[in-house]
Q: 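Please read through the structure below; I'll follow up with questions.
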Amino acid sequence: MDQQVRVRFAPSPTGYPHVGNIRTALFNWLFARHNKGVFILRIEDTDQERKIEGAVEIIIDSLKWLGMDFDEGPYIQSERLDIYRKCAEQLVHEGKAYYCFCSPDRLDAMRKQQMANKQPPGYDRRCRDLSPDQVEAEKKQGKVPVVRFKMPLTGRTSVTDLIRGEVIFENNLLDDFVLLKSDGYPTYHLASIVDDHYMKISHVMRAEEWLSSTPRHLLLYSAFGWQPPHFAHLPMILGPDKSKLSKRHGATAINEYRNMGYLPETMINFLSLLGWSLDDKTEIMSVEEIIRNFSLERISKTAAVFNMNKLEWMNGVYIRNLSPQSFAERSLPFVEQGLPPEVKRPIDVNYLHAIAPLIQERTKTLAEVPLQVDFFFTDSLDCDPAMLVGKLEKAQAAAVLQKTITVLKSVSEWKTEPMENAVRPLVEEMGMKTGPFFGVLRVAVTGRTASPPLFQTMEVLGREKCLSRLESAAGKLT
RNA sequence: GGCGCAUUCGUCUAGGGGUUUAGGACGCUGCCCUCUCAAGGCAGAGAUCACCGGUUCGAAUCCGGUAUGCGCUACCA
């Protein structure tokens with residue numbers, strides 16, 4: 001790479017970023033970091049209709065959460081309107097663009113007509129050759145024009161895509177697209193080309209849906225006499241039905257994944273593998289590893305289905321790799337939010353830290369933590385007698401509880417080892433199997449049939465709570 | 001309709017003419033471990049590499065066509 005790498009993430013501020021957009025941001029960021037280049041954030045707010053208040057902050061916050069730091073920006077397109085206007089006027093001046101006074105209604109009718117006649121839709125170039133006098137006349141009538149690009153009527157434009165190779169388009173199939181809208185805002189085409197040029201963008205990495213408009217962009221560059229950047233069109237992200245990932249497929253916004261308890265490092269790793277791979281087996285990688293190995297050559301051409309299952313698995317891997325301390329800290333907000341209201345706040349982090357090792361390897365998302373730890377925090381347990389008894393005889397279950405209570409009361413130290421040493425012999429003594437025996441105790445102590453290991457759980461729960469729960473359970477069986 | 005892109009296990013992917021009886025991962029099934037649930041270990045099912053032709057001694061890999069999917073075809077990005 002002989003020139004400095006300068007890439008950008010250029011979202012429009014329409015709400016929470018879609019995971020597809022985030023993946024685009026990620027690839028740009030990875031490419032910049034790998035090449036010791038510059039990562040720029042640019043807000044493309046040229047559509048006043050779709051703009052949403054506060055979206056810029058949300059975008060920045062999302063990038064920050066994922067650890068994608070930017071070196072320049074955010075540049076805001078709506079603050080650069082005069083630049084685009086000047087550029088558009090320059091092209092008009094040079095005869096490479098023109099004013100168009102056609103009303104939206106006429107354009108609409110024209111398109112409908114074309115569709116009906118099975119003609120390819122596109123602007124019919126009615127205003128392309130208006131004389132200066134005609135233009136003046138229209139303006140005098142108070143009509144506000146748009147500026148359209150004067151497409152070459154012949155020839156072809158070749159796009160060299162770093163991922164797909166050379167793609168050729170016939171110019172006569174491209175219409176005179178709008179550069180400057182009547183509200184004075186540029187279209188994407190104009191704004192992004194002008195900005196990419198002035199911001200010295202070296203590589204444009206964007207979603208595949210832009211491939212078709214790249215010839216327009218190239219033609220614009222050449223109209224301005226500018227050197228175009230390199231292009232790389234990234235494969236799209238699909239839903240399970242292979243159509244473009246959208247809300248009806250479930251979560252699509254990055255913040256939803258954050259709220260569902262996915263770790264940012266999981267998202268980075270997972271998203272990096274959607275359209276890129278290191279080799280034939282490496283899946284779990286730190287950001288540093290991904291940055292070190294990232295390359296355009298290994299980006300695939302094919303669209304990828306977003307596999308929730310695999311995401312969950314990967315998040316589990318990352319959660320298990322957390323230190324118990326960090327796991328507790330990261331779970332805390334979810335626990336604060338998810339525990340029943342009667343549990344006293346604030347939640348004790350140290351207690352959560354003690355619980356952490358018991359549940360960590362059982363959790364796939366932080367959002368499930370409150371569900372797993374609630375019985376540690378509630379005062380009393382209202383466990384179901386039927387669940388308590390299970391497949392045993394009622395009397396036998398009661399005996400299990402009684403004997404255990406007696407034995408536990410004499411345990412000198414409320415720790416896993418001594419408790420287990422004291423209780424386990426009872427199993428054989430009663431001629432039972434460990435499964436059913438411990439099962440009764442598990443339900444009594446935790447209120448559920450699946451839990452972390454019994455004695456470890458009891459140690460953390462404490463003598464008082466355990467004995468009272470066991471006794472309360474025994475009471476239910478008499 | 002036109003133009004463009006793509007097509008390897010259900011999914012993510014490796015592979016770029018002979019090393020491939022097409023490798024890994026998720027998920028699935030079974031076994032082991034085990035106080036339950038997980039985690040972990042092992043094993044297994046799962047892809048005639050979309051199809052049809054061609055090039056070649058030899059093709060998942062190169063070429064052409066077909067089909068299918070997707071994208072674009074706005075004063076949206």
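To find a chain, count down the sequence lines: A is the first, B the second, and so on, and within it residues start at 1.
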Q: Which one, B:G24, B:C75, B:C35, comes nearest to the side chain of A:P104?
A: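 Between B:G24, B:C75, B:C35, the one nearest the side chain of A:P104 would be B:C75.
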Q: Tell me which nucleotide among B:C76, B:U13, B:C26 gets nearest to the side chain of A:R50.
A: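 Nearest listed nucleotide: B:C76.
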Q: Whether A:K301 contacts B:C70 is assessed here as follows: a side-chain N or O lying under 4.0 Å from the phosphate OP1 or OP2. Is that the case?
A: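 Indeed not, no polar side-chain atom of A:K301 lies that close.
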Q: Using whole Å, what does the distance between atom P of nucleotide B:C37 and atom CG of A:L358 come to?
A: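 Going from CG in A:L358 over to P in B:C37 covers 17 Å.
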Q: If you take any heavy atom closer than 4.0 Å to RNA chain B, which residues from residues 9-18 of chain A end up in contact?
A: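 Hits under 4.0 Å, by residue number: A:S12.
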Q: From B:G4, B:G27, B:C76, pick the nucleotide closest to the side chain of A:T187?
A: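 Looking only at side-chain atoms, A:T187 lies closest to B:C76.
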Q: Which nucleotide wins on minimum distance to the side chain of A:V167, given the candidates B:C35, B:C5, B:A14?
A: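 Ranking B:C35, B:C5, B:A14 by closest atom to the A:V167 side chain puts B:C5 first.
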Q: Determine the Euclidean distance between corresponding P atoms of B:G4 and B:U56; express it in Å to zero decimal places.
A: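 The same atom, P, in both gives a distance of 29 Å.
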Q: From the list B:U11, B:G71, B:C35, which nucleotide is the closest neighbour of the side chain of A:E209?
A: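 Selected nucleotide (nearest to the side chain): B:G71.
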Q: Expressed in angstrom and rounded to an integer, what is the separation of A:F306 atom CZ from B:G27 atom C1'?
A: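 Between C1' of B:G27 and CZ of A:F306: 16 Å.
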Q: Given A:R156 and A:E170, is the salt bridge (charged side-chain N to carboxylate O under 4.0 Å, His left out) satisfied, shown in steps?
A: CA-CA 4 Å; A:R156 39 179 57 174; A:E170 295 287 339; 2.6 Å; yes
Q: Is it true that A:Y98 and A:D129 share a donor-acceptor pair across their side chains at a distance under 3.5 Å?
A: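 No.
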Q: With no angle test and no hydrogens, is the base of B:A25 tied to the side chain of A:K281 by a donor-acceptor pair under 3.5 Å?
A: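 Check fails, no donor-acceptor contact within cut-off.
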Q: With P as the reference atom in both, quote the distance from B:C49 to B:A60 in angstrom, rounded to an integer.
A: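 Going atom to atom, P in each nucleotide, I get 7 Å.
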Q: Does A:T449 place a side-chain N or O at less than 4.0 Å from the phosphate oxygens OP1/OP2 of B:C37?
A: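 Indeed not, no polar side-chain atom of A:T449 lies that close.
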Q: Measuring only the P atom in each nucleotide, how far is B:G27 from B:A39? A whole number of Å is fine.
A: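 Nearest-Å result for B:G27 against B:A39 at atom P: 8 Å.
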Q: In whole angstrom, give me the gap between the P atoms of B:A50 and B:A14.
A: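 Looking at atom P only, B:A50 and B:A14 are 14 Å apart.
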Q: Looking at A:S212, I'd like to know whether one of its side-chain N or O atoms comes within less than 4.0 Å of OP1 or OP2 on B:U73.
A: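 No, A:S212 has no side-chain N/O under 4.0 Å of OP1/OP2 on B:U73.
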Q: Which part of the nucleic acid, if any, lies within reach of A:R448 when heavy atoms closer than 4.0 Å are counted: base, sugar-phosphate only, or nothing?
A: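 No contact.
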Q: Looking for any heavy atom pair under 4.0 Å, which part of the strands does A:S192 touch: base, sugar-phosphate only, or nothing?
A: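 No contact at all - A:S192 keeps every heavy atom at 4.0 Å or more from the nucleic acid.
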Q: Hey, is the side chain of A:R442 pairing donor to acceptor with the base of B:C35 inside 3.5 Å?
A: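 Yes, a donor-acceptor pair under 3.5 Å.
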Q: From the options A:T24, A:N28, A:T214, A:N21, select the one residue that forms a side chain to side chain donor-acceptor pair (under 3.5 Å) with A:R206.
A: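 When side chain to side chain donor-acceptor pair (under 3.5 Å) is applied between A:R206 and each of A:T24, A:N28, A:T214, A:N21, only A:T214 qualifies.
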Q: Please check if any side-chain donor atom of A:Y185 sits under 3.5 Å from a side-chain acceptor atom of A:D45, or the reverse.
A: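 Per modelled atom types, A:Y185 and A:D45 side chains form no pair under 3.5 Å.
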Q: Looking at the side chain of A:L173, which of B:C3, B:A74, B:C26 is the nearest nucleotide?
A: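 That would be B:C3.
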Q: If you check every side-chain atom of A:A450, which of B:C37, B:A77, B:C35 has the closest atom?
A: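 Of all the options, the side chain of A:A450 is nearest to B:C37.
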Q: On a whole-Å scale, what distance lies between the P atoms belonging to B:C57 and B:U66?
A: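 About 28 Å, rounded to a whole number of Å.
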Q: For nucleotides B:A45 and B:G30, find the distance between their C1' atoms and express it as a whole number of Å.
A: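 That atom pair is separated by 10 Å.
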Q: Where the side chain of A:P453 is concerned, which of B:C76, B:U36, B:U7 is the nearest nucleotide?
A: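 Nearest nucleotide to the side chain: B:U36.
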Q: Expressed in whole Å, how much space separates the P atoms belonging to B:C72 and B:A77?
A: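 That atom pair is separated by 14 Å.
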Q: From B:A25, B:U13, B:A74, pick the nucleotide closest to the side chain of A:T302?
A: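 Among the listed nucleotides, the one closest to the side chain of A:T302 is B:U13.
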Q: Is there any protein nitrogen or oxygen under 3.5 Å from a nitrogen or oxygen in nucleotides 39-44 of chain B, and what are the pairs?
A:
residue : atom : partner : partner atom : Å
B:A39   : OP1  : A:K364  : NZ           : 3.4
B:A39   : O3'  : A:R320  : NH1          : 3.3
B:G40   : OP1  : A:R320  : NH1          : 3.4

Q: Would you say the ring centroid of A:F294 lies under 6.0 angstrom from that of A:F27?
A: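 Yes: the rings meet the under 6.0 Å criterion.
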Q: Using atom P in both nucleotides, what's the gap between B:G24 and B:C42 to the nearest angstrom?
A: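 Nearest-Å result for B:G24 against B:C42 at atom P: 12 Å.
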Q: Nearest whole Å is fine: how far is B:C3 C1' from A:R156 CZ?
A: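 These atoms are roughly 13 Å apart.
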Q: Can you figure out which of B:C12, B:C35, B:C75 approaches the side chain of A:F455 most closely?
A: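 Shortest atom-to-atom distance from the side chain points to B:C35.
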Q: Expected output is a numbered-order residue list: members of residues 231-255 of chain A with a heavy atom under 4.0 Å from any atom of RNA chain B. What is it?
A: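 Result for residues 231-255 of chain A: A:M236, A:K242, A:K244, sorted by number.
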Q: Would you say A:H18 and A:S246 are linked by a side-chain donor-acceptor pair, where the criterion is simply a distance under 3.5 Å?
A: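 No - no donor-acceptor pair under 3.5 Å links their side chains.
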